[in-house]
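To keep things clear, I will list the structure first and then write my remarks on it.
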Amino acid sequence: YTGYDIIAANLAEHAPHVCLLRGEVVRVPANAPLYVAGIDDPGRDWTSQGLDLPELERLGRRQPADGPTILLVHRPEMFPQAARLGFPLVLAGHTHGGQIALPTPGGHWNPARLITRFYRGLYMEHRSVLYVNRGVGVAGPRIRFNCPREIATIELV
């Protein structure tokens, strides 16, 4: 809510080693070709469903052919488009895992299910994988119930 440009300018000044991926693909310094790509969040309408973004379409066309590209996005709703574009791994957040997970006979129910089917954890579509991290913060009420904070370690092989 502060504004992308203000945040980008302050990071450039105070944390010049941080690389913001704003519609960019960069190669990771590794023995085998590996790339990371990212785009800006589409804006304040945080309950948008079925996102299909021109920026992501352009980024998908720029994936290098010599190695996989990991896509970093804020909203997991971008996953169907990213899977269609051939990103093998998409990492997202946004939902905080729902923050409140109520036990029900069919599993846990949480408020994030009202805005997306990708509310936390691992999802697969076509040949792509999405991981939605619960994160360490909260949105709205400062409460977590049956939905602990999370810092995930993902090992690529």
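Reckoned from all heavy atoms, side chains included, excluding hydrogens, waters and symmetry mates. Just so you know, these numbers come straight off a predicted model, no measurement behind them.
When side chains are defined from C-beta on, Arg61 counts as touching Glu57, because their heavy atoms get closer than 4.5 Å. Residues Leu59 and Leu53 have side chains not in contact (no heavy-atom distance under 4.5 Å, counting atoms from C-beta outward). Looking at heavy atoms from C-beta onward, His94 lies out of side-chain contact with Thr116 at the 4.5 angstrom threshold. Counting heavy atoms from C-beta on, the side chains of Trp109 and Leu114 come closer than 4.5 Å. For the pair Ser128/Pro88, no side-chain contact is recorded, criterion being any heavy-atom separation below 4.5 Å from C-beta on. Phe87 places none of its side-chain heavy atoms less than 4.5 Å from the side chain of Val129. A 4.5 Å side-chain heavy-atom check between Pro64 and Val25 finds at least one atom pair inside the cut-off.
Side-chain heavy atoms closer than 4.5 Å link hydrophobic residues (I, L, V, M, F, W, Y) into clusters, and following such links, even through other members, never connects Val132 to Leu91. Note on Val73: it does not cluster hydrophobically with Val26, by side-chain heavy-atom contacts below 4.5 Å among ILVMFWY residues. Tyr4 is not connected to Leu72 by any chain of hydrophobic side-chain contacts under 4.5 Å among Ile, Leu, Val, Met, Phe, Trp and Tyr, and they are in different clusters. Met124 is not connected to Phe118 by any chain of hydrophobic side-chain contacts under 4.5 Å among Ile, Leu, Val, Met, Phe, Trp and Tyr, and they are in different clusters.
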Under 3.5 Å donor-acceptor pairs involving side-chain atoms of residues 96-103, not counting sequence neighbours:
unit_1 : atom_1 : unit_2 : atom_2 : d
His96  : ND1    : Gly137 : O      : 3.2
Gln99  : OE1    : Ala139 : N      : 2.6
Gln99  : NE2    : Ala139 : O      : 3.4
Gln99  : NE2    : Pro141 : O      : 3.1
Gln99  : NE2    : Ile143 : O      : 3.1

For a quick test of your reading: what N or O donor-acceptor pairs under 3.5 Å do the side chains of residues 148-157 make, sequence neighbours left out?
unit_1 : atom_1 : unit_2 : atom_2 : d
Arg149 : NH1    : Val136 : O      : 2.0
Glu150 : OE1    : Arg134 : N      : 2.7
Glu150 : OE2    : Tyr131 : OH     : 2.3

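Of all the heavy atoms in Ala92 and Leu130, the pair that sits closest is CB-CD1, 4.0 Å. Of all heavy-atom pairs between Thr95 and Pro76, the closest is CG2-CG, 4.1 Å. Across all their heavy atoms, Ala82 and Val90 have their closest contact at CB-CG2, 3.7 Å. Minimum interatomic distance between Glu125 and Phe79 (heavy atoms only, all atoms of both residues): CB-CE2, 3.4 Å. The shortest non-hydrogen separation linking Asn146 to Arg120 is O-NH1, 3.9 Å.
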Apply side chain to side chain contact (heavy atoms under 4.5 Å, CB included) to residues Asp52 and Glu77 and explain how you reach the verdict. CA-CA 9 Å; Asp52 199 50; Glu77 277 298 308; over 6 Å; no
Run the side chain to side chain contact (heavy atoms under 4.5 Å, CB included) test on Leu85 and Leu56 for me, step by step, so that the C-alpha distance in whole Å, both residues' side-chain angles and the decisive distance to 0.1 Å come before the verdict. CA-CA 9 Å; Leu85 293 169; Leu56 186 51; 3.9 Å; yes
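Pairs engaging residues 24-40 under the salt bridge (charged side-chain N to carboxylate O under 4.0 Å, His left out) rule: Arg22-Asp40 [sequence neighbours left out].
Using a distance-only test at 3.5 Å, with no hydrogens or angles considered, no donor-acceptor pair links the side chain of Tyr119 to the main chain of Ile115. Using a distance-only test at 3.5 Å, with no hydrogens or angles considered, no donor-acceptor pair links the side chain of Glu55 to the main chain of Gly23. Side chain of Gln63 to main chain of Gly60: a donor-acceptor pair is present (N/O by atom type, distance under 3.5 Å, no hydrogens or angles). Of the possible polar contacts, none joining the Thr69 side chain to the Val36 backbone as a donor-acceptor pair under 3.5 Å is found. A side-chain donor-acceptor contact under 3.5 Å links Arg144 to the backbone of Cys147.
Atom CG of Leu89 sits about 14.0 Å away from atom CZ of Arg127, to the nearest 0.5 Å. Distance check: Leu71 CG to Ile39 CD1 gives 6.5 Å after rounding to the nearest 0.5 Å.
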